[in-house]
Amino acid sequence: MKLPSHLSIQNQHLIIGGCDTVKLAFTHGTPLYVTDETRIRDNYRRYVSVLSAHYPHFRILYAAKANGNLSILKILAQEGAGADVFSAGELHFALLAGMRPEHLLFNGSSKTEADHKLAVSKGVRVSLDSLDELAQLDLVAGEAGKVAEVSFRVNPAIEVPTHPKIATGLATSKFGIPAAEITDAYAAALACKNVVPVGIHCHIGSQILDTEPFKREAEVMMELVDELHRMGVKFKFIDLGGGLGVSYDHSESGPDAPTFENYASAVLPVCKSVLGRLGIQPEIWIEPGRSMVCDSTVLLTKVNSVKKAHKTFVNVDAGFNLLIRPAMYDSYHEVLVANRADEKPDGIYTVTGPICETGDILAHDRELPHVVSGDLVAILDTGAYGYSMASQYNGRGRCAEVLVRNGQAELMRRAETIDDLMATLKTPSWLD
C-alpha cells in the first residue's frame, strides 16, 4: 500500500497530524475518529489555487453533509468557505461556525415551511426543487415582508460512473427540475412578488472519478444560462455542485482520482466561454465535500478477538453503526494495523464489526500482519460520510472525534454514553 503523504510511520506506529495513533487510542479510547486539521486546510487551499488560476469570481461551498462537525465547519469558515446545507441543523451549524448567510445555499427536495421561514429570516438563499416549493417560499417571504433570493436545481439527465445510490443527476433522480422544463420555472419565479431568481444549481452525484460528466454538466448549465439571461434573469451565481471522487484504494494498481486541476480544466473553460460572450461575470460556485475532508481522517478500532472459520475474522469494536459505507455501498477502505504499521503481511483477514448483522463487514480479505486481540486497526479515508452517517443501532453510542494539528490533539466531540441514549426517551404514563 502507498501510504498517503500526510500519514507516516514512526517506531512501527501510524502517525497522523504529528500524533501517534496508538497513544490517541490509549488516551481517548476506541472506536475513535481522528481528523488532521492541516490536511483539510491544505485541500481547501489547493482548490482555491486551481480555481483562481482559471476564473477570479468563484466560491467554495463545502457540502456540510459530508462531515458536519462544528470544528470542521469552523476550519473551513476561517479559510473563507461557505456551505451547501440540507437541513435546519446544518444551516444553524454553518452560521455558528462563522459562515456568512450569503455564502450558504439551502438545498433539498423536500423542505418544510419551517425550513423556508428559517432561510428567509437568516437571509440564506434557497435552491428550489419544484414549482410547488416556489409558491410556498413566495408566500413565506411575503408574510415576512422580505424578498428571497433563489436558484432552481436542474436535473440534467446525465449518466455518471458511480454507485446508483449517489448518482443524483439521472433522469430518474428525485432531485431537481428537468432541464427541458427549467425555463418555465424561471418564468414563474420572475413573476413572483417575493422571490427573485439570482442563480442556477446542479449536482450530478458523488464519488465521480471521470471529469467528462462534469464537463457535460457545465455544457448543459451554460446553455440554460444563455437562454435564461435572455429571459431577464440577473445571475449572481452559477452553482455546479460537487461530486469529485477520491481514491480509496492506495495499492499500486488502485485507480487514480482526478486532481482539482483536472476538474477545473474540464469545467471552467466551458463556463468562461459562454459568460464572456454574454458579457457577465457571476460567481461560479462548487460544492466539494468528499474531496475536501475524506482523506483527513482515520477511524481507529481495537481488535476484540480473532476467529478462524471459513475465513479468518478480525472482530473489532467499530461496526457499520460508525462506518456504514462498506455495508451500504460495498465501498472499499484501506486498513492497516496501526501499532505494527510497517510489518509485512502474513495472511488474509476479514475485518468485521460488533453489530448483529451479517453485513457488518468493514474490509473483506485483506493482507495484514499477524493480528491478535488488543491490536489497533486504522481504517483510512473516513472523513466523509463516516461519523455523519453514524447511528446508535444495537444501542451503541457514537464514538468520540479528535482533532489533531502539529502534534496537538483535542476532542472535538466526546463519545456518547448510556445517558445520552436515554436523554430523549419518555415513558407513557400507562407503562409506569
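- Environment of CD in Glu367: sparse, with no more than 12 heavy atoms of neighbouring residues, nucleotides or ligands closer than 6.0 Å.
- The heavy-atom pair separating Gln408 from Cys19 by the smallest distance is O-SG, 3.5 Å.
- A side-chain N or O of Arg290 and one of Tyr248 form a donor-acceptor pair less than 3.5 Å apart.
- When the ring-ring contact (aromatic ring centres under 6.0 Å, His included) test is applied to Phe235, no partner is found at least two apart in sequence or on another chain.
- Between Tyr393 and Phe320, the ring-plane angle classifies as parallel under the 30° and 60° cut-offs.
- Judged by distance alone, the side chain of Asp360 and the main-chain N or O of Ile355 form a donor-acceptor pair under 3.5 Å.
- The two atoms that bring Ala141 and Asn194 nearest to each other are CB-O, 3.4 Å, heavy atoms only.
- Using a cut-off of 4.0 Å between Lys/Arg side-chain N and Asp/Glu carboxylate O, Arg39 and Asp295 are scored as salt-bridged.
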Please lay out, stage by stage, how Asp317 and Thr301 fare under the test side chain to side chain donor-acceptor pair (under 3.5 Å).
CA-CA 6 Å; Asp317 60 4; Thr301 178; 2.6 Å; yes

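- Looking only at distances, a side-chain donor or acceptor of Ser52 sits under 3.5 Å from a matching main-chain atom of Ser49.
- Donor-acceptor pairing under 3.5 Å is recorded for the side chains of His201 and Ser127.
- Judged by distance alone, with hydrogens and angles left aside, the side-chain atoms of Thr350 form no donor-acceptor pair with the main-chain N or O of Phe313 at under 3.5 Å.
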Asn321 and Ser391: side chain to side chain donor-acceptor pair (under 3.5 Å), yes or no, with the steps?
CA-CA 5 Å; Asn321 58 315; Ser391 73; over 6 Å; no

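- No donor-acceptor pair under 3.5 Å is formed between the side chain of Tyr62 and the backbone N or O of Ala77.
- A donor-acceptor pair is defined here as one N or O able to donate and one able to accept, closer than 3.5 Å; such a pair exists between the side chain of Glu334 and the backbone of His250.
- In Lys2, the NZ atom is crowded: over 12 heavy atoms of neighbouring residues, nucleotides or ligands sit closer than 6.0 Å.
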Worked check of side chain to side chain contact (heavy atoms under 4.5 Å, CB included) between Glu410 and Leu403:
CA-CA 6 Å; Glu410 290 190 22; Leu403 187 68; 5.9 Å; no

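- Gln12 places no side-chain N or O within 3.5 Å of a backbone atom of Ala341 that could act as its donor or acceptor partner.
- In this structure, the side chains of Cys399 and Thr30 stay at 4.5 Å or more apart for every pair of heavy atoms.
- Using modelled atom types, no side-chain atom of Lys344 and backbone atom of Pro369 make a donor-acceptor pair closer than 3.5 Å.
- With hydrogens and angles left out, the side-chain atoms of Ser296 and Asp36 include no donor and acceptor closer than 3.5 Å.
- Using a 4.5 Å heavy-atom threshold, the side chains of Leu244 and Pro258 count as touching.
- In this structure the side chain of Phe237 never reaches within 4.5 angstrom of the side chain of Ile284, judged on heavy atoms.
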Would Thr352 and Val314 count as a side chain to side chain contact (heavy atoms under 4.5 Å, CB included) here? Give the steps.
CA-CA 6 Å; Thr352 68; Val314 175; over 6 Å; no

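- Between Leu91 and Phe106, some side-chain heavy-atom pair lies under the 4.5 Å cut-off.
- Put simply, the side chain of Val198 does not reach to within 4.5 Å of the side chain of Ser151, judged on heavy atoms.
- A 6.0 Å sphere centred on CZ of Arg405 holds no more than 12 heavy atoms belonging to other residues, nucleotides or ligands.
- Closest heavy-atom contact between Ile208 and Ile204: CD1-CG1, 3.8 Å.
- Using modelled atom types, no side-chain atom of Thr211 and backbone atom of Asn262 make a donor-acceptor pair closer than 3.5 Å.
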Going through the distances and angles, do Leu268 and Leu51 end up as a side chain to side chain contact (heavy atoms under 4.5 Å, CB included)?
CA-CA 8 Å; Leu268 292 182; Leu51 292 171; 3.8 Å; yes

Might you work through the side chain to side chain contact (heavy atoms under 4.5 Å, CB included) test for Met1 and Ser251, ending with a clear yes or no?
CA-CA 4 Å; Met1 180 178 69; Ser251 67; 5.9 Å; no

Tell me, with the steps shown, if Glu102 and Arg125 meet salt bridge (charged side-chain N to carboxylate O under 4.0 Å, His left out).
CA-CA 7 Å; Glu102 64 269 28; Arg125 291 167 175 149; over 6 Å; no

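- For Phe58, the CZ atom counts as densely surrounded, since its 6.0 Å shell holds more than 12 non-hydrogen atoms of other residues, nucleotides or ligands.
- Residue pairs satisfying the side-chain hydrogen bond (donor to acceptor under 3.5 Å, both in side chains) criterion with at least one member in residues 229-241, sequence neighbours excluded, are listed as follows: Glu149-Lys236, Asp226-Arg230.
- Between His333 and the choices Leu299, Leu323, Val298, the side-chain contact (heavy atoms from CB on, under 4.5 Å) rule is met once, by Leu323.
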Is there a salt bridge (charged side-chain N to carboxylate O under 4.0 Å, His left out) between Asp138 and Lys193? Walk through the geometry before answering.
CA-CA 7 Å; Asp138 189 40; Lys193 293 182 179 180; over 6 Å; no

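- Between Asn69 and Glu401, the side chains place a donor N or O and an acceptor N or O closer than 3.5 Å (distance only, hydrogens not considered).
- If you run side-chain contact (heavy atoms from CB on, under 4.5 Å) between Val337 and each of Asp342, Leu376, Val371, only Val371 comes through.
- Using a 4.5 Å heavy-atom cutoff, the side chains of Ile60 and Tyr44 are in contact.
- Ring geometry for Phe260 versus Tyr47: interplanar angle under 30°, hence parallel rather than tilted (30 to 60°).
- Distance alone, capped at 3.5 Å, is enough to place a donor-acceptor pair between the Asn43 side chain and the Met292 backbone.
- Heavy-atom contacts from other residues, nucleotides or ligands closer than 6.0 Å to CD of Glu113 number 12 or fewer.
- Smallest separation of non-hydrogen atoms from Ala409 and Val404: CB-CG1, 3.8 Å.
- Between the side chain of Glu217 and the backbone N or O of Pro213 there is no donor-acceptor pair closer than 3.5 Å.
- When each of Leu224, Val233, Leu240 is tested with Ile200 by the rule side-chain contact (heavy atoms from CB on, under 4.5 Å), just one qualifies, namely Leu224.
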Do Trp285 and Glu287 pass the side chain to side chain donor-acceptor pair (under 3.5 Å) test, and can you show the C-alpha distance, the side-chain angles, and the key distance before you say yes or no?
CA-CA 7 Å; Trp285 291 3; Glu287 301 172 357; over 6 Å; no

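- His57 and Gln281 are linked by a side-chain donor-acceptor pair at a separation below 3.5 angstrom, with hydrogens and angles left out of the test.
- For the pair Ser291 and Val246, the tightest heavy-atom approach, listed with the atom from each and the gap, is CA-CG1, 3.7 Å.
- Looking at heavy atoms from C-beta onward, Val267 lies out of side-chain contact with Val270 at the 4.5 angstrom threshold.
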Take Asp84 and Lys65 through the salt bridge (charged side-chain N to carboxylate O under 4.0 Å, His left out) test and state the conclusion after the steps.
CA-CA 8 Å; Asp84 160 51; Lys65 61 183 175 290; 3.5 Å; yes

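- Lys174 places none of its side-chain heavy atoms less than 4.5 Å from the side chain of Asp129.
- For the 3.5 Å distance criterion, the side chains of His54 and Glu261 qualify, holding a donor opposite an acceptor.
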